[in-house]
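One-based numbering along the sequence shown. The model shown is predicted, which means the values in this text are computed figures rather than measured ones. Side chains are part of it too, since the values below use all heavy atoms of this structure and drop only hydrogens, waters and symmetry mates.
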Amino acid sequence: MVGHVSPPTAIKTIGTKRPATPNSLGSTSVALKKSKLLTNKAESAGTEGIALTAAQTQRKNLLEEDPLATDVQHNSVTCNACGKVVKYAMFDLYHWNRHKMRCKLNSNPSRSSSLVSNNVDPSLTAAQSERKRVLEGDPLATNVQHDSVTCNACGKMVKYTMFDLYHWNRHKGRCK
């Protein structure tokens with residue numbers, strides 16, 4: 001026959017677009033892959049089977065040295081102060097640091113006694129504590145409260161929210 005060309009028989013196709021691969025031809029290879037994935041997931045439940053980068057190892061060490069962190073895992077840590085489990089991805093410290101700032105340590109005084117003895121108010125965030133420290137160190141500020149401060153120069157009480165310095169700085173600029 002002169003005009004007849006037969007299709008190549010060496011290449012099998014799946015459907016109409018993809019050529020067959022050895023993995024797509026046998027169902028045993030798919031089952032083998034699934035079993036390997038399941039064993040890898042089982043191993044990764046702890047940190048023993050996970051290869052960590054240098055940064056992840058450093059963050060893991062920081063978590064393990066933190067006195068507030070217990071039960072350090074690759075995806076979570078338990079807060080020693082309140083008992084909450086804080087989840088994260090591969091020792092990422094963002095959520096843990098955020099939790100520590102917001103954690104109310106005074107809910108259990110026996111666990112937080114060492115932190116309270118350092119004159120740190122556990123109900124304040126780090127930024128609020130810093131602003132409070134600035135106000136207490138200001139020679140014009142007296143009677144520093146969480147919602148107000150009294151001006152030493154004119155005697156006026158300046159109101160604010162949680163040691164926000166905007167109104168205080170504005171008053172100091174106008175008072176002199």
Side-chain angles (χ1 to χ4, degrees), residues 14 17-138 141 144-147 149 160-170:
I14 299 175
K17 298 187 180 193
R18 247 180 0 160
T21 61
N23 290 338
S24 64
L25 291 176
S27 63
T28 57
S29 63
V30 173
L32 182 63
K33 281 184 181 179
K34 285 184 180 178
S35 69
K36 283 183 182 178
L37 286 175
L38 290 176
T39 57
N40 287 343
K41 284 183 182 178
E43 289 173 0
S44 68
T47 57
E48 295 83 29
I50 299 174
L52 300 176
T53 64
Q56 290 169 342
T57 304
Q58 183 181 14
R59 292 190 305 255
K60 177 185 175 189
N61 292 339
L62 285 173
L63 282 168
E64 289 172 344
E65 292 169 3
D66 192 333
L68 291 177
T70 57
D71 191 29
V72 176
Q73 299 292 321
H74 74 282
N75 61 351
S76 67
V77 64
T78 303
C79 179
N80 197 20
C82 67
K84 287 186 180 179
V85 175
V86 179
K87 294 185 178 184
Y88 48 72
M90 289 306 289
F91 304 108
D92 182 18
L93 297 177
Y94 173 78
H95 294 289
W96 172 244
N97 288 334
R98 187 173 175 199
H99 171 79
K100 284 195 322 184
M101 293 294 182
R102 295 179 175 190
C103 183
K104 304 271 189 208
L105 294 178
N106 58 0
S107 64
N108 190 348
S110 65
R111 289 184 177 174
S112 63
S113 60
S114 64
L115 292 174
V116 173
S117 66
N118 294 336
N119 294 328
V120 175
D121 188 351
S123 65
L124 299 178
T125 65
Q128 291 167 345
S129 295
E130 176 65 19
R131 293 191 303 256
K132 180 180 179 183
R133 188 187 62 74
V134 167
L135 281 168
E136 289 172 341
D138 193 332
V144 176
Q145 301 294 321
H146 75 282
D147 62 346
V149 64
Y160 50 73
T161 305
M162 293 306 292
F163 306 106
D164 185 15
L165 297 176
Y166 173 77
H167 295 291
W168 173 245
N169 288 334
R170 193 170 123 193

> With sequence neighbours left out, write down each residue that passes side-chain hydrogen bond (donor to acceptor under 3.5 Å, both in side chains) with E136, or none if nothing qualifies.
none
> Output all residues satisfying side-chain hydrogen bond (donor to acceptor under 3.5 Å, both in side chains) with E130, sequence neighbours left out; order by chain, then residue number.
R133
> Indicate the atoms forming the closest heavy-atom contact of L52 with K60, along with that distance.
CD1-CD, 4.0 Å
> M101: which residues meet the side-chain contact (heavy atoms from CB on, under 4.5 Å) condition with it, sequence neighbours left out?
A126
> So which atom in H74 and which in Y88 form the shortest heavy-atom distance, rounded to 0.1 Å?
O-CE1, 3.4 Å
> To the nearest 0.5 Å, what is the distance between OG1 on T161 and OH on Y166?
13.0 Å
> Enumerate the salt bridge (Lys or Arg N to Asp or Glu O under 4.0 Å) contacts for residues 65-90, please, sequence neighbours excluded, ordered by first and then second residue.
D66-K100
> Does the side chain of F91 reach to within under 4.5 Å of the side chain of V77, using non-hydrogen atoms?
no
> With rounding to the nearest 0.5 angstrom, report the OG1 to CZ distance, T125 to R131.
6.0 Å
> L93: what forms a side-chain contact (heavy atoms from CB on, under 4.5 Å) with it, not counting sequence neighbours?
R59, L62, L63, N97
> So which atom in N80 and which in P67 form the shortest heavy-atom distance, rounded to 0.1 Å?
ND2-O, 3.4 Å
> Tell me, please, which residues at least two apart from R98 pass side-chain hydrogen bond (donor to acceptor under 3.5 Å, both in side chains).
none
> For Q145 and Y160, which heavy atoms make the closest approach, and how far apart are they?
O-OH, 2.7 Å
> Around atom CD of Q58, are there more than 12 heavy atoms of other residues, nucleotides or ligands at under 6.0 Å?
no
> In Å and rounded to the nearest 0.5 Å, what is the NZ to CZ distance from K132 to F163?
4.5 Å
